[in-house]
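Step one of this worksheet: look at the structure below.
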Amino acid sequence: MTMGKKIQEMAVWIEFLVGSGLAIFFHLVLHYEQAAYVIFGIGILLALGTYLIREDIEKNRAHLVEQYHQSHEIPFALASITDPECLAKAHELIAGAKRSITLLQQGYIPLDENEFYLEGARLSDQAVREIRAVDPLTAGYWTRGALVNFYQANLRAWTGG
């Protein structure tokens, strides 16, 4: 540990000693008791303020470092891929994840075909009286976007919402 780091960690203690030393100097040498009490009080307040601010800064620093590592985890992982074919596959995976996140932001739940039919079967089993199924997007029914929209429309019809 460097000397500067040690001094930073001891800043509260140093401020307390300086404030106390000045208070003793004003009290014993200059015989000015009121100034000694004021200086001692200000020294104590500065030491307390330094301690509280330092603790808050350290807590925020640890939180920000954690967030930084979380937000840069994927770019660091991509940067460590050296094989061009693997890097191309990684970029495809990232593009797919971006598409899924965009759908989630728009309020759609992206499902693959198996998940779609499994969820439809589960909701059909829960139906008490009837199922009203609608298909708002008939053109391109077998495309993934159509499946997502079809699932969302059926989910609204099944749940009555």
Side-chain angles (χ1 to χ4, degrees), residues 1-116 118-120 122-123 125-126 144-145 147-161:
M1 191 182 298
T2 65
M3 188 63 158
K5 183 73 173 168
K6 287 181 182 178
I7 290 174
Q8 283 180 353
E9 289 181 356
M10 294 177 22
V12 173
W13 178 244
I14 292 170
E15 287 178 3
F16 176 74
L17 287 178
V18 169
S20 299
L22 280 174
I24 291 170
F25 176 75
F26 271 80
H27 185 68
L28 295 178
V29 176
L30 300 177
H31 303 289
Y32 192 27
E33 288 82 15
Q34 289 176 339
Y37 293 131
V38 169
I39 289 173
F40 183 71
I42 290 174
I44 293 290
L45 289 176
L46 283 175
L48 177 64
T50 301
Y51 172 75
L52 293 174
I53 289 172
R54 196 170 149 65
E55 288 294 313
D56 193 38
I57 287 172
E58 191 62 33
K59 184 178 72 173
N60 288 335
R61 182 189 157 291
H63 182 68
L64 287 174
V65 166
E66 180 184 331
Q67 284 184 341
Y68 175 82
H69 287 301
Q70 283 181 346
S71 65
H72 289 82
E73 188 174 339
I74 291 175
F76 288 154
L78 284 175
S80 67
I81 298 174
T82 56
D83 184 18
E85 291 178 23
C86 293
L87 188 60
K89 181 63 177 175
H91 285 296
E92 289 176 21
L93 290 172
I94 296 295
K98 285 181 186 176
R99 284 190 299 274
S100 295
I101 290 172
T102 302
L103 286 172
L104 289 169
Q105 288 172 338
Q106 295 170 356
Y108 295 110
I109 301 172
L111 300 173
D112 63 15
E113 191 172 355
N114 291 332
E115 291 173 329
F116 170 74
L118 182 65
E119 185 70 13
R122 186 184 68 77
L123 291 174
D125 288 342
Q126 291 178 355
R144 182 178 177 99
L147 279 176
V148 170
N149 290 333
F150 181 70
Y151 169 75
Q152 292 291 331
N154 281 306
L155 183 62
R156 284 191 296 276
W158 286 333
T159 59

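No option in Y32, Y37, F40 other than Y32 meets the side chain to side chain contact (heavy atoms under 4.5 Å, CB included) test with F26. The side chain to side chain contact (heavy atoms under 4.5 Å, CB included) with D56 is formed by just one residue from the set I53, L52, N60; it is N60.
Atom CD of Q106 is surrounded by more than 12 heavy atoms from other residues, nucleotides or ligands within 6.0 Å. Heavy-atom neighbours of L17 CG from other residues, nucleotides or ligands within 6.0 Å: above the threshold of 12.
Here CD1 of I57 is found 11.0 Å from CZ of R61. Values are rounded to the nearest 0.5 Å. Taking NZ of K98 as the start and CD of Q105 as the end, the distance is 12.0 Å to the nearest 0.5 Å. Here the straight-line distance linking atom CD1 of I74 with atom CD1 of I94 works out to 5.0 Å at 0.5 Å rounding. Here the CD atom belonging to E33 is positioned 9.0 Å from the CG atom belonging to L28, to the nearest 0.5 angstrom. We find the CD-CD distance between E66 and Q70 to be 5.0 Å, quoted to the nearest 0.5 Å.
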Walk me through it: do Q34 and V38 pass the test side chain to side chain contact (heavy atoms under 4.5 Å, CB included)?
CA-CA 6 Å; Q34 289 176 339; V38 169; 5.6 Å; no
Working for side chain to side chain contact (heavy atoms under 4.5 Å, CB included), residues I42 and I39
CA-CA 5 Å; I42 290 174; I39 289 173; 5.8 Å; no
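Considering every non-hydrogen atom in both E115 and P110, the closest pair reads OE1-O, 4.2 Å. Closest of all the heavy-atom pairs between L87 and I81 is N-CG2, 3.6 Å. Nearest approach of I109 to L104, heavy atoms of both residues: CA-CD2, 4.3 Å. Nearest heavy atoms, S71 versus P75: O-CD, 3.9 Å.
No donor-acceptor distance shorter than 3.5 angstrom exists from the side chain of H27 to the backbone of A23, with no hydrogens or angles considered.
For the residue pair E73/H69, the side-chain donor-acceptor check at 3.5 Å is not satisfied.
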